[in-house]
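All chains are named by letter (A, B, ...) in the order of the sequence lines, taking the proteins before the strands, and each is independently numbered beginning at 1.
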Number of protein chains: 2
Amino acid sequence: MEILDGKIELPKGFVASGVFAGIKRSKKDLALIYSERLANISAVFTTNRVKAAPVILDMERAKKGKAQAIVINSGNANACTGEKGIEDAKSMAKKVAEVLEIEEEDVLVCSTGVIGVPLPMEKVLKGIEVAALSLSKEGGYDAAHAIMTTDTFLKAVTVKFNVEGKDITMTGFAKGSGMIHPNMATMLSFVLTDASVEKATLDKAFKNTVNRTYNMISVDGDMSTNDTAIVMANGMAENKAIQEGTYEFDLFYKALEYVNKTLARLIAKDGEGATKLIEVNVINAKTENDARLAAKAIVNSNLVKTAIFGEDANWGRILAAVGYSGADFDVDKVDIYLKSAKGEVKVCENGSFFAFDESLAKEVLKEKEIFIIVDMKAGEFMATSWGCDLSYDYVKINGSYRT
Amino acid sequence: MEILDGKIELPKGFVASGVFAGIKRSKKDLALIYSERLANISAVFTTNRVKAAPVILDMERAKKGKAQAIVINSGNANACTGEKGIEDAKSMAKKVAEVLEIEEEDVLVCSTGVIGVPLPMEKVLKGIEVAALSLSKEGGYDAAHAIMTTDTFLKAVTVKFNVEGKDITMTGFAKGSGMIHPNMATMLSFVLTDASVEKATLDKAFKNTVNRTYNMISVDGDMSTNDTAIVMANGMAENKAIQEGTYEFDLFYKALEYVNKTLARLIAKDGEGATKLIEVNVINAKTENDARLAAKAIVNSNLVKTAIFGEDANWGRILAAVGYSGADFDVDKVDIYLKSAKGEVKVCENGSFFAFDESLAKEVLKEKEIFIIVDMKAGEFMATSWGCDLSYDYVKINGSYRT
């Protein structure tokens with residue numbers, strides 16, 4: 001598998017664009033993705049009961065498992081906008097279908113931005129026309145830029161691999177920042193591939209990997225109304241359709257997992273106000289669920305997040321978070337380690353204080369990527385979660401987002 | 001019912017003290033409460049699986065429903081301290097029993113402070129001797145001061161009422177700040193009364209009121225290893241023992257609820273770095289549980305908390321929090337109001353945007369006590385939760401608590 005970190009290379013048959021429609025004040029705010037051929041798709045949406053209009057629309061349309069285009073706007077979430085919001089989302093899809101001469105039902109819509117404000121539809125529809133004219137093989141970067149809100153860097157990755165002599169390309173890009181939480185929240189992620197994959201197989205691979213990647217990240221514990229992750233596989237690599245239980249499936253699964261994991265990590269790293277990426281590895285748990293619960297609780301803990309921001313080896317907060325996570329474990333067995341490029345230090349042994357080297361711990365925590373390892377010594381399951389520290393800037397950004 | 005906000009007036013038969021034992025650097029750090037007569041008690045403890053040593057001890061001792069003294073230290077949580085921690089907690093109780101000449105089994109122990117560091121037992125035991133010598137009718141204030149950690153003000157209230165011609169006094173004091181979360185977290189609360197109350201009746205009244213007060217507050221969503229709330233009723237008012245289903249029970253219940261609610265509000269108000277108290281009222285919910293889930297989710301949302309800190313009427317975040325709360329409700333029916341001493345403003349109608357007066361909303365949010373009212377228009381149940389905003393100072397305090 002060839003890995004191109006940070007790169008977007010659109011697979012065969014895909015074109016994209018990103019333009020300025022005028023929803024935001026100055027930056028690109030409308031993206032379009034188009035596949036020459038109707039693609040198999042799989043999609044995962046926010047579990048928030050308050051769902052944005054485009055999510056409601058897409059959930060219905062995704063059921064048939066096919067799509068040919070996705071239109072995405074940033075700057076306005078089209079959420080809590082009532083009946084008008086649904087109409088607006090439909091109008092966006094209709095416009096895309098018209099200009100691209102495809103079926104309206106084959107167009108998906110995503111929005112991200114401020115909640116509770118109607119979309120400026122005149123600008124949006126004009127933007128779609130411009131975006132359609134701008135579609136190109138190189139347009140992936142523009143699209144990735146156009147979906148950003150408070151993101152501070154572009155999140156993208158491309159992988160290439162070979163299936164029975166056919167070259168497969170898979171590229172993904174995403175937006176994150178703020179409100180990102182396990183179970184999909186304020187994030188949009190798009191994975192495009194020219195692989196031919198059976199619909200059921202695509203679903204299984206996508207849902208499993210989403211569960212271990214996007215659903216294991218947290219920025220602030222809130223969950224948005226708009227989160228959406230979509231994979232499109234248009235089959236234009238002309239490989240034999242990939243089926244579960246084959247060697248080819250393993251290759252495909254690994255590629256998809258790598259793409260989703262990379263994007264998830266980048267989203268966690270770019271949490272609003274974040275200065276450090278936190279990766280939590282809970283190992284030797286009794287069940288995978290116990291490992292997941294513990295890993296999520298740690299990465300969601302404001303007290304752990306502020307301690308990491310302050311470069312303070314406060315392992316008691318880590319253990320306390322495991323304690324209220326709902327995971328089944330034996331406190332008297334838990335070991336905790338802090339790790340980074342500077343080294344590793346055991347800070348807790350058998351759930352109790354442990355004379356560790358404070359100066360080494362300080363050094364370890366100075367790095368920008370911090371690993372928290374919790375060894376439950378209770379079984380053989382593990383889980384990984386990603387998050388970021390909680391800084392002054394988080395408060396600053398979120399104290400005045402709307403105004 | 002006579003209400004003495006901020007006052008501690010120890011009921012008949014109770015004495016207390018608070019001294020400096022040397023666990024902290026300079027402030028009072030050891031408190032003692034003693035009842036002349038063995039009291040009926042009821043207690044509620046943290047649900048965190050990681051329980052501090054004194055919690056493990058007290059949970060066992062509280063089962064018999066009687067106690068005569070409580071010793072509390074601040075500055076050290078005696079949590080994650082292994083077998084040694086349990087021994088230390090027992091030694092504290094034993095020392096109290098010796099100096100007060102009571103049964104060891106009738107002494108409860110509470111600790112709060114840093115996790116994972118063994119108690120300096122020599123200082124603690126000496127402190128207990130001094131505290132016993134200092135016991136007095138006026139010692140409640142010293143005790144209340146001695147249990148504080150990062151609290152910025154004393155939390156206390158006394159109420160008086162009359163039961164069948166007998167004067168009853170009930171006084172409560174508590175410590176809060178940081179890590180405070182529904183289901184009891186880093187808070188210690190002590191309610192003392194000279195009322196005579198049957199044990200089962202006391203349990204019922206205490207557990208019900210705790211559920212609607214301390215369990216509905218949140219500072220940062222974390223849950224501590226040490227949280228404990230205890231009520232002692234020593235019967236020295238010589239009233240006929242209060243039983244459920246009587247007029248006297250209603251009086252007692254109201255008094256207890258008022259004391260717990262007042263302390264809970266004060267704890268929320270004094271959350272680490274807090275600049276505003278947030279009270280959430282979810283009304284007209286289908287069930288009480290739906291109302292509770294929604295009220296808790298709102299008060300726990302970092303995004304809502306930072307918006308209130310920034311005085312931003314970001315109702316979309318409030319609605320989004322209700323959406324992921326797990327509450328059953330109809331999005332299209334929800335109305336949201338913001339209220340304070342400056343007035344009330346409806347910011348969302350039927351789950352959708354609503355042209356509200358932004359300048360009035362700004363004025364409303366400038367106050368120090370902010371009410372968020374969510375009308376679900378789905379039934380007749382309600383719930384109230386309390387929390388605080390999330391400020392720069394929260395990050396500052398928690399970025400370097402341990403060091």
Next on the checklist: Give the interface residues of residues 79-88 of chain B toward chain A, defined by a heavy-atom separation under 4.5 Å.
Outcome noted: B:C80, B:T81, B:G82
Checklist entry - Side chain of A:T306, backbone of A:N302: donor and acceptor closer than 3.5 Å? => result yes
Next on the checklist: I'd like to know whether B:S74 forms a side-chain hydrogen bond (donor to acceptor under 3.5 Å, both in side chains) with B:K175, so could you lay out the CA-CA distance, the side-chain angles of the two residues, the decisive distance to 0.1 Å, and finally the verdict.
Outcome noted: CA-CA 10 Å; B:S74 60; B:K175 65 124 337 211; over 6 Å; no
Item to check | Interchain contact, A:A77 with chain B, by part (heavy-atom threshold 4.5 Å) | outcome: neither
Item to check | residues 347-354 of chain B: residues contacting chain A (heavy atom under 4.5 Å, by number) | outcome: B:G351, B:S352, B:F353
Checklist entry - side chain to side chain contact (heavy atoms under 4.5 Å, CB included) with B:K333: which residues, sequence neighbours excluded? => result B:D330, B:K377
Next on the checklist: Is it true that, when you exclude B:K346 itself, more than 12 heavy atoms of the residues, nucleotides or ligands shown sit nearer than 6.0 Å to its NZ?
Outcome noted: yes
Checklist entry - Between the side chain of A:R49 and the main-chain N/O of B:F329, is any donor-acceptor distance below 3.5 Å? => result yes
Next on the checklist: Under the salt bridge (Lys or Arg N to Asp or Glu O under 4.0 Å) test against B:E311, which residue among B:K362, B:K276, B:K368 passes?
Outcome noted: B:K276
Checklist entry - Which residues satisfy the salt bridge (Lys or Arg N to Asp or Glu O under 4.0 Å) test with A:K366, sequence neighbours excluded? => result A:E363
Checklist entry - So, does B:N300 use its side chain to make a donor-acceptor pair with the main chain of B:I298 at under 3.5 Å? => result no
Next on the checklist: Among B:N226, B:N76, B:T225, exactly one meets side-chain contact (heavy atoms from CB on, under 4.5 Å) together with B:S111. Which residue is that?
Outcome noted: B:N226
Next on the checklist: Against B:I370, only a single residue in B:I308, B:V280, B:L277 fulfils side-chain contact (heavy atoms from CB on, under 4.5 Å); can you say which?
Outcome noted: B:I308
